[in-house]
Chemist: 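One structure, as structure tokens, below. Some questions next.
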Amino acid sequence: MTLHEFPRLGERYWEQRLENGLLLRVVPKPGFARSYAFLGVDYGSVDTSFTRGGIPCRTPDGVAHYLEHKMFDLPEDNAMNLFAAHGGYPNAFTGYAMTAYYFDCTEQFAENLRILLRMVLTPWFPAESVEKERGIIAQEIRMYEDSADSRAYEDLFGAMFAHHPIRVPIAGTVESIGEITPQVLQDCHAAFYAPANLMLCVTGDVDPALVEEIARAESANAHAEPVPVRDYGPAEAMTCPTKRTVRHMEIAMPTFCLGFKCEPPARGLESMRREIIGDLAAEILVGESSALYTRLYDEGLINSDFSAGYESVRDACLFSAGGDSRDPDAVLRAILDEAQRLSRAGFDRALFDRLIRSSLGRRTRDLDSFESVCYRMCAYHFDGVDYFSFPEAYASVTPEDVLQFIRQVIRPERAALSIILPNESEESA
């Protein structure tokens, strides 16, 4: 394995790419009793259209999430039982751009790592089990449909994007999962769970050579083929197809999400830079220390649940903000007005320096979190950049970059607003 050192952060990791393409990274944490392993798959809910072996493919919405549920099944037993027998605490999630499986333990690390790799690399989809899971996932979908926060975000993405599959909920719909068969799961596992499309990140007081030995043995017979070419639809216009949506639900107070459409950045370091720029713009515009946040809070237009930031998912990028409010339209108008003011007057360099130091400090402190390090290591790698290069990305950002972002992005024609109102409200879209 090759050692990569980052003196500026006081961090290092061992790296090895196996002959079958599986990428291994081990972040040593000497003296810790706890070990953590995270196996990321470069495959998420947006990967529904792709070309595999020269053949265009379109899968039902929700396959990535369905696969996540079914990967815990092994021919000999359910992986949850195997982990429990060896003191491992596993879990998994599906996002728009990545699926991940992980565990932490304080003993029997080697056996738990074997279970994790065997579980993810073994396609086992008995028809009866797949059919039983359909009802469980349908209940999960209905649960999210009853969540005002989830519906607000999903409605916002649907309003902002005309073609990109971020329009569709991660788990799909009750109707779309009805089209998922064992063969669909088998085909998508073969297409996206090849070793070359995976990354294993381990942190703790573990031996890198042991991780490599186990990974080689458990992935030796894994099916491998070229990773499909993904298709996220035609390039999106920078205007939103729908400007405003309203939905009524059983809630006590209106909640909302607003968004401004952004140009997708290039992959690699530029993608990380754009994220930093977008988050700094959010802090300057309407962060907790901003004058606008204070005014909106004092006027009762937002509460402590309000947040804003930059989001990017494979060619779909936006600046978003949301929370509870008695007048979401007034919040949107206030943000647009503040953006115009900043575009004319600019902002204080001392404010920029303070915010960038604070943001860099938070990221550096997060290096103490095993979960954060492994998640970000995988997510940023799949986006073409080494996460530990973030100090260089911060050093390259200027106040003019942030001001240009505000001028370019925070504009009425790029905005959409999603509102969830209490059922008794008479307002309509």
Chemist: Are Phe370 and Tyr36, when compared by the centres of their aromatic rings, separated by less than 6.0 Å?
Modeler: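 No; Tyr36 has its ring centre 6.0 Å or more from that of Phe370.
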
Chemist: Between Asp231 and Arg58, does any side-chain N to carboxylate O distance fall below 4.0 Å?
Modeler: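 Salt bridge absent between Asp231 and Arg58.
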
Chemist: Measure the shortest side-chain to side-chain distance between Phe192 and Pro228 over non-hydrogen atoms and say whether it is less than 4.5 angstrom.
Modeler: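 Heavy-atom side-chain distance check passes, below 4.5 Å.
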
Chemist: Scan residues 300-323 for pairs that pass salt bridge (Lys or Arg N to Asp or Glu O under 4.0 Å), counting only residues two or more places apart or in two chains.
Modeler: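 Passing the test, one end in residues 300-323: Asp42-Arg314.
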
Chemist: Suppose we call two aromatic rings close when their centres sit under 6.0 Å apart. Are Phe6 and Phe388 close by that rule?
Modeler: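 Here the rings of Phe388 and Phe6 have centres that are less than 6.0 Å from each other.
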
Chemist: Return the orientation label for the Phe125 and His189 ring planes: parallel under 30°, perpendicular over 60°, tilted otherwise.
Modeler: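 If you compare the ring of Phe125 with that of His189, the planes turn out perpendicular.
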
Chemist: So do Ile180 and Leu185 actually touch side chain to side chain, heavy atoms under 4.5 Å?
Modeler: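 Answer yes - side chains close enough.
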
Chemist: Is it the case that Ser418 and Tyr153 place a side-chain donor and acceptor less than 3.5 Å from each other?
Modeler: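 Checked: Ser418/Tyr153 side chains show no N/O donor-acceptor pair below 3.5 Å.
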
Chemist: Is a side-chain N or O of Asp61 found less than 3.5 angstrom from the main chain of Ala171, in a donor-acceptor match?
Modeler: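 Not a single qualifying donor-acceptor pair exists.
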
Chemist: Within the structure provided, determine whether Phe103 and Cys105 are in side-chain contact (heavy-atom separation under 4.5 Å).
Modeler: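 Phe103 vs Cys105: side chains touch.
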
Chemist: Mind telling me whether Tyr394 and Phe390 have parallel, tilted or perpendicular rings, with 30° and 60° as the class edges?
Modeler: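 Rings of Phe390 and Tyr394: perpendicular, over 60°.
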
Chemist: Got a salt bridge between Arg273 and Glu392, using NZ or NE/NH1/NH2 to carboxylate O under 4.0 Å?
Modeler: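 Glu392 and Arg273: not salt-bridged.
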
Chemist: Hydrogens and angles aside, do Tyr375 and Asp366 bring a side-chain donor and acceptor to less than 3.5 Å of each other?
Modeler: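 There is no such pair (donor and acceptor under 3.5 Å, judged by atom type) between the side chains of Tyr375 and Asp366.
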
Chemist: Between Ser389 and Met272, is any pair of side-chain heavy atoms under 4.5 Å apart?
Modeler: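 Yes; the side chains approach each other to less than 4.5 Å.
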
Chemist: Less than 4.0 angstrom from a charged side-chain N to a carboxylate O is my criterion; do Asp298 and Arg295 meet it?
Modeler: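 Between Arg295 and Asp298 there is no salt bridge, as every charged N stays at least 4.0 Å from the carboxylate O atoms.
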
Chemist: Salt-bridged, Glu212 to Arg17, with N to O below 4.0 Å?
Modeler: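 Between Arg17 and Glu212 there is no salt bridge, as every charged N stays at least 4.0 Å from the carboxylate O atoms.
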
Chemist: Do Tyr102 and Cys374 come within less than 4.5 Å of each other through their side chains, counting heavy atoms only?
Modeler: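 Of all side-chain heavy-atom pairs linking Cys374 with Tyr102, none is under 4.5 Å.
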
Chemist: Please verify the inter-ring angle class for Phe157 with Tyr96; under 30° counts as parallel, over 60° as perpendicular, anything in between as tilted.
Modeler: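 Geometry flag for Tyr96 against Phe157: perpendicular rings.
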
Chemist: Between Arg341 and Asp337, does any NZ, NE, NH1 or NH2 come within less than 4.0 Å of an OD or OE carboxylate oxygen?
Modeler: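 No, this pair does not count.
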
Chemist: Keeping Ser320 on the side-chain end and Leu258 on the backbone end, is there a donor-acceptor pair under 3.5 Å?
Modeler: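 No, the answer is negative, given that no donor and acceptor are paired below the 3.5 Å cut-off.
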
Chemist: Does some side-chain heavy atom of Ser359 sit less than 4.5 Å from a side-chain heavy atom of Asp279?
Modeler: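 No, too far: nothing below the 4.5 Å cut-off.
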
Chemist: Is there a donor in the side chain of Thr398 and an acceptor in the side chain of Asp401, or the other way round, less than 3.5 Å apart?
Modeler: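 Judged by distance alone, the side chains do pair up.
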
Chemist: State whether the number of non-hydrogen atoms from other residues, nucleotides or ligands found under 6.0 Å of Phe93 atom CZ is greater than 12.
Modeler: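 More than 12 within 6.0 Å, yes.
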
Chemist: May I ask you to check whether over 12 heavy atoms, not counting those of Gln408, lie within 6.0 Å of atom CD?
Modeler: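 Yes, enclosed.
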
Chemist: Less than 3.5 Å apart, any donor N or O on the side chain of Asn91 or Tyr101 sitting next to an acceptor on the other?
Modeler: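 No, no side-chain donor-acceptor pair sits under 3.5 Å.
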
Chemist: For Arg354 and Ser358, which I'm curious about, is there any donor-acceptor pair between the side chains at under 3.5 Å?
Modeler: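 Short answer, no.
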
Chemist: State, without any angle test, whether Lys261 and Thr239 hold a side-chain donor-acceptor pair at a distance under 3.5 Å.
Modeler: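 Checked: Lys261/Thr239 side chains show no N/O donor-acceptor pair below 3.5 Å.
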
Chemist: Regarding Tyr144 and Arg151, do their side chains bring together a donor and an acceptor under 3.5 Å, going by distance alone?
Modeler: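 Per modelled atom types, Tyr144 and Arg151 side chains form no pair under 3.5 Å.
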
Chemist: Less than 4.0 angstrom from a charged side-chain N to a carboxylate O is my criterion; do Arg134 and Glu131 meet it?
Modeler: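 Salt bridge present between Arg134 and Glu131.
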
Chemist: Salt bridge or not for Arg167 and Glu154, using N-O below 4.0 Å?
Modeler: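 Answer for the salt bridge query: no.
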
Chemist: May I ask you to decide whether Lys29 forms a salt bridge with Glu11, counting only side-chain N to carboxylate O separations under 4.0 Å?
Modeler: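 A salt bridge is present here (some side-chain N lies under 4.0 Å from a carboxylate O).
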
Chemist: Under 3.5 Å, is there a donor-acceptor pair linking the side chains of Thr94 and Glu68?
Modeler: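 Side chains of Thr94 and Glu68: pair found under 3.5 Å.
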
